[in-house]
Amino acid sequence: MSSRLVSRAADYSGWYQQLVREADLAEHSEVKGCMVIKPYGFAIWEHMRDALDRMFKETGHVNAYFPLFIPKSYLSREASHVEGFAKECAVVTHYRLKNSPDGSGVIVDPEAKLAEELIVRPTSETIIWSTYRNWIQSYRDLPLLINQWANVVRWEMRTRLFLRTTEFLWQEGHTAHATAEEAVEETRRMLDVYTRFAEDYMAMPVLRGVKTANERFAGAVDTYCIEALMQDGKALQAGTSHFLGQNFAKAFDVKFLNKENKEEYVWATSWGVSTRLMGALIMTHGDDSGLIVPPRLAPIQVVLVPIYKKEEELNRLREIARGIADQCRAQGISCKIDDDDSKRPGWKFAEYEMKGVPLRLALGPRDVEANTIEVFRRDTQTKESRPLDTIAQQLPALLDDIQRSLYQIALDRRTANTHEANSWDEFKSLISERGGFVLAHWDGTSETEQRIKEETKATIRCIPLDAPAESGCCILTGQPSERRVVFAEAY
RNA sequence: CGGAGAGUAGCGCAGCCCGGUAGCGCACAACGUUCGGGACGUUGGGGUCGCAGGUUCAAAUCCUGUCUCUCCGACCA
């Protein structure tokens, strides 16, 4: 089992980067901070997208598409929103190029300056709410439940493939409601959708909670989030769902007549997850041999490798393999037969392990003779012989077991890396020496949160929704606190 | 924006100190032997040495300038 990856223990960041490249997920493009998502990586993203899209539709949402460009003035309509995004916006100032006078290519035509600059969307609240203004007049137009799959651009200082790129793919839901209660309910519903997606599809346990004022989305009243713990002990924000109150409705003057014929501002939510989830997937399940894709998201759930010497042998094996593949298809399992003659079995084994294919079947003359087939589980890296005749029927249970097991291992790891801190010294040593989630009391002030960040690099990931009330004293200031919050160093 | 490193074949790198025919591994192509854990042999194709100046008979190598990228920080919903 020769590994092409540096071990996680030796160099976690190096391991991540090598895995992304070696598993053929993505690579740096010629454009700074932007990535090329390669076909295999994109196939995984498509599975994520499809599953989420189904869940959105099941909860009553429809898809639409809004412009990539946002007039600069729109962004500044909501004060805290522009403050949050202004420093990372790409701006379009001209609409034409012309030949350079010295003949060395093209230059921006100074004559073609836009009257108003366009911002490449960092998020679409402003353009969408300026549109909703025209769509909403009556309570009968509500709720408006729309999602958009799109790319967005945020000019970040430092990027990492999938985790933070200048351009990334995501979905953003933008909904409008007649009452605050309904909007809050929607915010929570979508947090539930994200939670179910993370846990049921990605096999990634998440903490659900509310962000503190410091970490809140620019323009939101409340930001709910799911937070996952990566194998290196750092937290990753995996999805957010915002209750926007009437901030955007007021900024864009979106009013409706209620049943009492009274004019009111609309209540809003927005919620999103991005290709960052790919990073979460890698860092939740990957091991030193490569990626492990949970079966429910795997582009290839089962790969079948025939092992043969002569052409006649291959023909015989191919026939059996196709039979198995057909039965897989009938059960909704994606199965690839890799009979590429230019690669040897050992090469293929290593390759599919790197790519995290959950199950590998190896079929050679010896198996046919014994009426068996070799089954290799990517998650446990174990192989066993199973009866050939019934192998296809055994696969669903195996895939389910892998899916369940991946979740359980991730959950156990999170449990093992979640600690309570009851004093400042204990807190500091937990954060610096063990990492993980640290549950601690906090006095509720931004100042304290800021000081803790400056001294330990840890931030409050969320105020957990499910945690019981428990009175205590802030670890830093000793002021009273009513519940523990979740601290961690974050990506 | 601060610190570090790197630009030489598709990828990874050596060569630079000490100027003189541009090299190695992987990958690629052909053929043969192989094929149950990343095969081996033979042959072959592929490079304006990031860019621009300068020094020199001669520059990947020395000098000056410049651009880009990566990593670590800072920043970041």
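So that the names make sense, note that chain A is the first sequence line, chain B the second, and so on, each numbered from 1.
S13(A) has no side-chain polar atom (N or O) that falls below the 4.0 Å cut-off from OP1 or OP2 of C71(B). Residue R158(A) has no polar side-chain atom (N or O) positioned under 4.0 Å from OP1 or OP2 of A74(B). The phosphate of G36(B) has OP1 or OP2 within less than 4.0 Å of a side-chain N or O from R344(A). Using a 4.0 Å cut-off, no side-chain N or O of H28(A) falls inside it from OP1 or OP2 of C69(B).
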Would you list the atom pairs, donor with acceptor, under 3.5 Å between side chains in residues 189-196 of chain A and any protein atom, with sequence neighbours excluded?
| from | atom 1 | to | atom 2 | distance (Å) |
| --- | --- | --- | --- | --- |
| R189(A) | NH1 | E186(A) | OE1 | 2.7 |
| R189(A) | NH2 | E185(A) | OE2 | 3.0 |
| D192(A) | OD1 | R208(A) | NH1 | 2.9 |
| D192(A) | OD1 | R208(A) | NH2 | 2.9 |
| Y194(A) | OH | Q171(A) | OE1 | 2.5 |
| Y194(A) | OH | G272(A) | N | 3.0 |
| T195(A) | OG1 | L191(A) | O | 2.7 |
| T195(A) | OG1 | R208(A) | NH1 | 2.9 |

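Within the nucleic acid shown, Q17(A) comes within 4.0 Å of sugar-phosphate atoms alone, with no base atom in reach, counting heavy atoms only. Contacts of K32(A) with the nucleic acid, taken as non-hydrogen atoms under 4.0 Å apart, involve only primed sugar atoms and P, OP1 or OP2. Base contact: R366(A) has a heavy atom under 4.0 Å from a base atom. Across all strands, K310(A) comes closer than 4.0 Å to no nucleic acid atom at all (heavy-atom distances). Within the nucleic acid shown, P306(A) has no heavy atom closer than 4.0 Å to any nucleic acid atom.
Side-chain atoms of E374(A) lie closest to G36(B) of the nucleotides C11(B), G37(B), G36(B). In the set G37(B), G36(B), A74(B), the nucleotide with an atom closest to the side chain of M157(A) is A74(B). Nearest to the side chain of M354(A), among G37(B), G36(B), G38(B), sits G38(B). Ranking C76(B), G36(B), C28(B) by closeness to the A362(A) side chain, first place goes to G36(B). The listed nucleotides are G36(B), G38(B), C35(B); the one nearest the side chain of P365(A) is G36(B). With C28(B), G37(B), C76(B) as the candidates, the nucleotide lying closest to the side chain of R360(A) is G37(B). Closest approach to the R164(A) side chain among A74(B), C76(B), G36(B) is made by C76(B) (side chain taken as heavy atoms from C-beta onward).
If you take atom C1' in C57(B) and the same atom in G3(B), they sit 43 Å apart, rounded to whole Å. Here, A59(B) and G12(B) have their P atoms 29 Å apart, quoted to the whole Å. Comparing the P positions of C51(B) and U8(B) gives an interatomic distance of 9 Å, to the nearest angstrom. Nucleotides C26(B) and U42(B) are separated by 12 Å at their P atoms, to the nearest Å. Separating the P atom of A22(B) from that of A29(B) is a span of 28 Å, rounded to the nearest Å. When the P atom is used for both G10(B) and C28(B), the distance is 15 Å, rounded to whole Å. Comparing C49(B) with G19(B), their C1' atoms sit 15 Å apart, to the nearest whole Å. Of the C1' atoms belonging to A27(B) and C63(B), the separation is 37 Å, rounded to the nearest Å.
Searching all strands for a Watson-Crick or G-U wobble partner of U70(B) with both distances below 3.5 Å returns A4(B). Both distances falling under 3.5 Å, in either a Watson-Crick or a G-U wobble arrangement, occur for no nucleotide opposite U56(B). Using the Watson-Crick or G-U wobble rule with both distances under 3.5 Å, A9(B) pairs with nothing in any strand shown. The pairing partner recorded for C16(B) is none, the criterion being a Watson-Crick or G-U wobble arrangement whose two distances lie under 3.5 angstrom. Using the Watson-Crick or G-U wobble rule with both distances under 3.5 Å, C31(B) pairs with G41(B).
Counting atom types as modelled, K383(A) pairs a side-chain N or O with a base atom of G37(B) as donor and acceptor under 3.5 Å.
Considering only heavy atoms from C-beta on, K211(A) comes within 4.5 Å of Q237(A) through its side chain. Taking 4.5 Å as the limit, every side-chain heavy atom of L430(A) sits out of range of all side-chain heavy atoms of F437(A). Counting only heavy atoms from C-beta outward, the side chains of M204(A) and E199(A) never approach each other to under 4.5 Å.
Under 4.0 Å is where a charged nitrogen must lie from a carboxylate oxygen, and between R461(A) and E215(A) at least one such pair does.
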Hey, mind stepping through Y224(A) and F243(A) against ring-ring contact (aromatic ring centres under 6.0 Å, His included) and telling me if it holds? CA-CA 8 Å; Y224(A) 293 75; F243(A) 172 55; 8.3 Å; no
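Considering E353(A), E351(A), E384(A) in turn, E353(A) is the only one that fulfils the salt bridge (Lys or Arg N to Asp or Glu O under 4.0 Å) rule with R360(A).
Remark: the T448(A) side chain and the D443(A) side chain contain an N/O donor-acceptor pair separated by less than 3.5 Å.
Listed by residue number, the members of residues 80-90 of chain A with any heavy atom below 4.0 angstrom from RNA chain B are F85(A), E88(A).
In this structure, H242(A) and F217(A) have parallel ring planes: the angle between them is below the 30° cut-off, well short of the 60° mark.
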